[in-house]
2 protein chains.
Amino acid sequence: MKIGELSKRTGVSIRMLRYYEAEGLLKPGRTESGYRDYDMAEVRTVERIKLLGAGGMTLPTILQFLACVRGEGPIFEPCDELRVTLRQQIRLVEERTEKLAQNHNVLTSFLAEIGEG
Amino acid sequence: MKIGELSKRTGVSIRMLRYYEAEGLLKPGRTESGYRDYDMAEVRTVERIKLLGAGGMTLPTILQFLACVRGEGPIFEPCDELRVTLRQQIRLVEERTEKLAQNHNVLTSFLAEIGEG
DNA sequence: CTTGACTCTGACAGCGCTGTCAGACCTTAA
DNA sequence: TTAAGGTCTGACAGCGCTGTCAGAGTCAAG
């Protein structure tokens with residue numbers, strides 16, 4: 001399928017699909033005239049990227065995952081690096097959450113100080 | 001005092017102090033030769049900016065605060081807009097926190113799926 | 001007066017996307 | 001055949017900072 005259809009199927013903009021490719025996350029074939037040609041495997045890959053991205057992962061990080069994921073199954077192949085990356089990412093999310101909690105405290109303190117008025 | 005000293009006192013880089021000014025958050029005087037000349041009021045302002053920034057506020061947002069803060073006191077002058085901005089900011093932080101929580105779920109689910117190995 | 005430290009302005013770069021526009025080619029249906 | 005719509009590449013922009021560099025003027029101490 002061509003890029004427009006993939007975009008509609010996945011809900012990812014054409015711009016981003018091309019960007020994924022530029023970042024090495026996607027490697028579609030090409031038609032004789034140079035159009036990108038995607039198959040169902042790419043659809044699955046895009047879905048995975050979306051999922052991981054929803055986890056706050058950066059594309060380069062996701063790329064690491066994909067190395068372990070290139071397989072066929074709908075589920076990620078266990079892979080040591082994958083676990084390591086995953087744990088790091090979880091730590092990252094936890095750190096951000098803590099920081100946000102601090103921010104929340106600072107702000108609510110202010111609000112209390114100036115009166116709930 | 002000159003910018004270098006203010007930087008040391010506040011721990012904010014010279015680069016950022018100039019940036020604050022460019023964004024309208026600081027308005028230091030100038031010596032005859034064109035050097036920025038800060039007084040204690042500016043020191044306090046920078047401290048406030050740091051505090052608000054720690055709350056995840058963006059400089060333009062902080063600028064809105066400063067409009068209510070330009071006074072003398074060490075504490076923010078109650079000001080309607082300030083309260084409104086504050087509440088919006090708190091909402092923003094809460095939304096981000098929620099999103100992070102979702103991210104955390106996605107990631108830990110993955111980890112569980114591939115085995116805690 | 002000389003030297004080193006400080007300051008000035010303006011501009012370029014990077015983070016991680018994401019939209020958009022330009023100019024040109026391809027495809028499909030009428 | 002023609003026109004519309006899809007696609008291609010490459011580049012510019014923006015978000016909100018933050019560092020750094022260049023070229024030039026200033027200040028202080030020796």
Side-chain angles (χ1 to χ4, degrees), chain A residues 1-39 42 46 48-66 85 88-89 92-93 95-96 99-100 103, chain B residues 1-39 42 46 48-66 85 88-89 92-93 95-96 99-100 103:
Chain A
M1 80 194 72
K2 286 183 285 185
I3 199 168
E5 192 184 337
L6 179 59
S7 175
K8 277 169 196 156
R9 281 204 196 190
T10 61
V12 174
S13 75
I14 290 177
R15 176 71 180 79
M16 288 313 294
L17 290 175
R18 293 203 265 242
Y19 183 61
Y20 288 173
E21 182 176 349
E23 295 294 297
L25 303 179
L26 244 32
K27 298 194 175 104
R30 295 279 181 153
T31 66
E32 289 178 17
S33 58
Y35 281 20
R36 271 164 262 254
D37 187 24
Y38 302 91
D39 57 19
E42 319 272 6
V46 173
R48 285 185 197 121
I49 294 173
K50 280 179 66 177
L51 203 54
L52 263 0
M57 252 179 238
T58 220
L59 290 191
T61 300
I62 294 176
L63 182 55
Q64 294 177 45
F65 270 69
L66 256 33
T85 303
Q88 288 173 342
Q89 191 63 29
L92 195 60
V93 169
E95 281 164 19
R96 286 185 189 152
K99 192 163 186 181
L100 275 188
N103 291 175
Chain B
M1 78 193 74
K2 286 182 286 184
I3 199 169
E5 192 184 337
L6 179 60
S7 176
K8 277 170 195 154
R9 281 204 196 189
T10 61
V12 174
S13 75
I14 290 176
R15 175 70 179 83
M16 288 312 294
L17 290 175
R18 293 203 264 244
Y19 184 60
Y20 287 173
E21 183 177 348
E23 295 294 297
L25 303 179
L26 244 32
K27 298 197 175 104
R30 295 281 179 151
T31 65
E32 288 178 18
S33 57
Y35 282 19
R36 270 166 264 256
D37 187 24
Y38 301 91
D39 57 20
E42 320 271 7
V46 172
R48 285 185 197 124
I49 294 173
K50 280 179 66 177
L51 204 54
L52 262 1
M57 251 179 240
T58 219
L59 289 192
T61 302
I62 294 177
L63 182 56
Q64 294 177 44
F65 270 69
L66 256 34
T85 303
Q88 288 175 341
Q89 191 63 29
L92 196 59
V93 169
E95 281 164 18
R96 286 185 188 152
K99 192 161 187 183
L100 276 187
N103 289 177

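Naming convention: chains lettered A, B, ... in sequence-line order (proteins, then strands); numbering from 1 in each chain.
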Can you check the [X] [atom1] to [N] [atom2] distance for me, whole Å?
X     : N      : atom1 : atom2 : answer
A:R30 : C:dC26 : CZ    : P     : 14 Å
B:L17 : C:dT9  : CG    : P     : 13 Å
A:I14 : D:dG6  : CD1   : P     : 8 Å

Handout entry: Single hit among A:R15, A:R30, A:K27 for salt bridge (Lys or Arg N to Asp or Glu O under 4.0 Å) with A:E21
Key = A:R30
Handout entry: Close side-chain approach of B:E23 and B:L63, heavy atoms under 4.5 Å
Key = no
Problem - Heavy-atom check, side chain of A:L6 versus side chain of A:V12, under 4.5 Å - result: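 A:L6 vs A:V12: side chains apart.
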Exercise for the section: Output the distance between atom OH (A:Y20) and atom CD (A:E42), rounded to the nearest 0.5 Å. Expected result: 13.5 Å
Handout entry: nucleotides 14-30 of chain D: protein proximity per nucleotide (B base, S sugar-phosphate only, - neither; heavy atom, under 4.0 Å)
Key = --SBBBB----BBS---
Practice task
For residues B:Q89 and B:T61, report the shortest heavy-atom separation together with the two atoms involved.
Solution key: OE1-CG2, 4.1 Å
